[in-house]
Engineer: 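Below: one structure in C-alpha cells.
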Amino acid sequence: MSKLRLGVMISGSGTNLQALIDACAQADYPAKIEVVISNRPDAKGLDRARNAGLKAVCIDHKGYDDRAVFEDAVHNCLTDHKVQLVCLAGFMRLLGADFVGRWKDRMINIHPSLLPSYKGLHTHARALEDGVKFAGCTIHYVRPEMDNGPIIMQTAIPIAADETEESLIAKTLTYEHRMYPAAVKLIAEGKARVSGNKVIVKEDVALPTEGLISPLA
Ligand code: GAR
C-alpha cells in the first residue's frame with residue numbers, strides 16, 4: 001500500500017516533528033515525510049529534518065510583505081512535493097482562511113491543551129493559574145479560527161499538586177509525541193472521517209486502554 005505523503009510545518013524545536021520522523025522510520029508505518037517547512041530560519045527542527053535526510057525548506061515570513069504571497073509560497077512548496085496531509089507541529093503563525101480552505105480536511109494541528117479550552121499561547125501557565133485538575137493536548141483538523149476544528153484525538157493529563165509550568169510542558173510533550181504519530185496513522189489508514197464539526201473514528205480502532213488517550217490507535 002502506498003504511504004500517505006506528509007508535509008510537516010514547524011517554527012521551533014521540532015520535538016513533535018522528531019516523533020513523526022521516528023514513526024516514519026518504521027517500515028510498516030503508513031506515512032512518510034516529503035518535506036519539512038519552517039517559517040523561521042533558526043528553527044532547530046530544520047536540523048532534525050536534515051539529520052534524518054529529509055528535504056528541509058525555510059520560507060521566512062519576514063521576507064514577505066503580504067501574508068497571501070507567503071502562504072502561496074508555502075502552498076506551492078507543499079504541492080511541489082505532492083503532499084497529501086499537512087501536519088502543523090509547533091507552527092506558530094496564523095494561517096489565512098484562503099490557505100486553510102485550500103487544505104480543508106487535509107491539514108491537522110497539535111495544540112497543548114484540552115481544546116476548546118485554552119486556545120492560544122501560554123496554555124500550561126493559564127491552566128495552572130485556573131487550578132484545573134487536568135491539562136492535556138489535542139490534535140484537530142484546521143479551520144480558519146485559531147486552534148479550532150474537528151477534534152481527532154485528545155489526551156487528558158492529570159495535574160500534580162506540585163506541578164510547575166516547566167514540568168507540565170515537559171509532561172504534555174511526552175503525550176504529544178505519542179499522540180501525533182498515532183493520529184497520522186489513523187488518517188493514513190482511512191480510519192478518521194470528518195462529519196460536520198466532528199471526527200468519526202472507524203469502529204475497529206481500539207478504544208482507550210489506559211483511560212487517557214482517546215481514541216488510542
Ligand atoms: C508543542 O507543545 C505544540 O503543541 C505547540 O507548540 C509546541 C511545539 O513544540 N503548538 C501550539 O501551541 C500551536 N497552537 P515542538 O516544536 O517541540 O514540537
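Both counts, for ligands and for their atoms, begin at 1 and track the order of listing. Source: prediction; values computed, not measured.
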Engineer: Could you check Ile108 against Tyr141 for side-chain contact (heavy atoms from CB on, under 4.5 Å), going step by step and ending with a plain yes or no?
Structural biologist: CA-CA 4 Å; Ile108 63 177; Tyr141 282 101; 3.7 Å; yes
Engineer: List the closest protein heavy-atom neighbour of atom 16 (O) of ligand 1: residue, atom name, distance to the nearest 0.1 Å.
Structural biologist: Gly14 N, 2.7 Å
Engineer: Pick one: which of Val74, Val86, Asp72 meets side chain to side chain contact (heavy atoms under 4.5 Å, CB included) with Phe99?
Structural biologist: Val74
Engineer: Give a yes or no on whether the backbone of Lys119 and the side-chain of Arg126 come within a donor-acceptor separation of less than 3.5 Å.
Structural biologist: yes
Engineer: Give the numbers and elements of all ligand 1 atoms closer than 4.0 Å to a heavy atom of Leu173.
Structural biologist: 2 (O)
Engineer: Tell me: protein heavy atom nearest atom 10 (N) of ligand 1, and distance?
Structural biologist: Ile110 O, 3.5 Å
Engineer: What I want to know is whether Asn16 and ligand 1 share at least one N or O pair that is separated by under 3.5 angstrom.
Structural biologist: yes
Engineer: Between Asp47 and Arg50, does any side-chain N to carboxylate O distance fall below 4.0 Å?
Structural biologist: yes
Engineer: Here's a test for you: under salt bridge (charged side-chain N to carboxylate O under 4.0 Å, His left out), which of Lys3, Arg5, Lys82 qualifies with Glu34?
Structural biologist: Arg5
Engineer: Starting from atom 17 (O) of ligand 1, which protein heavy atom do you reach first, and at what distance in Å?
Structural biologist: Thr15 OG1, 2.5 Å
Engineer: May I ask you to identify the nearest protein heavy atom to atom 8 (C) of ligand 1, giving residue, atom name and distance to one decimal place in Å?
Structural biologist: Gly90 CA, 3.6 Å
Engineer: List the closest protein heavy-atom neighbour of atom 5 (C) of ligand 1: residue, atom name, distance to the nearest 0.1 Å.
Structural biologist: Pro112 CD, 3.7 Å
Engineer: Does the residue Lys44 have a heavy-atom contact with ligand 1, meaning some pair of atoms that are separated by less than 4.0 Å?
Structural biologist: no
Engineer: Considering only protein heavy atoms, which is closest to atom 1 (C) of ligand 1, and at what distance to one decimal place?
Structural biologist: Glu176 OE1, 3.2 Å
Engineer: Would you say Thr123's side chain and Tyr118's backbone share a donor-acceptor pair under 3.5 angstrom?
Structural biologist: no
Engineer: List ligand 1 atoms under 4.0 Å from Asp147, heavy atoms only on the residue side.
Structural biologist: 14 (N)
Engineer: Just by modelled atom types, is the Pro181 backbone N or O under 3.5 Å from a matching donor or acceptor in the Tyr29 side chain?
Structural biologist: yes
Engineer: So which protein heavy atom does atom 14 (N) of ligand 1 come closest to, and at what separation?
Structural biologist: His111 ND1, 3.0 Å
Engineer: Thr172 side chain to Pro112 main-chain N or O, any donor-acceptor pair under 3.5 Å?
Structural biologist: no
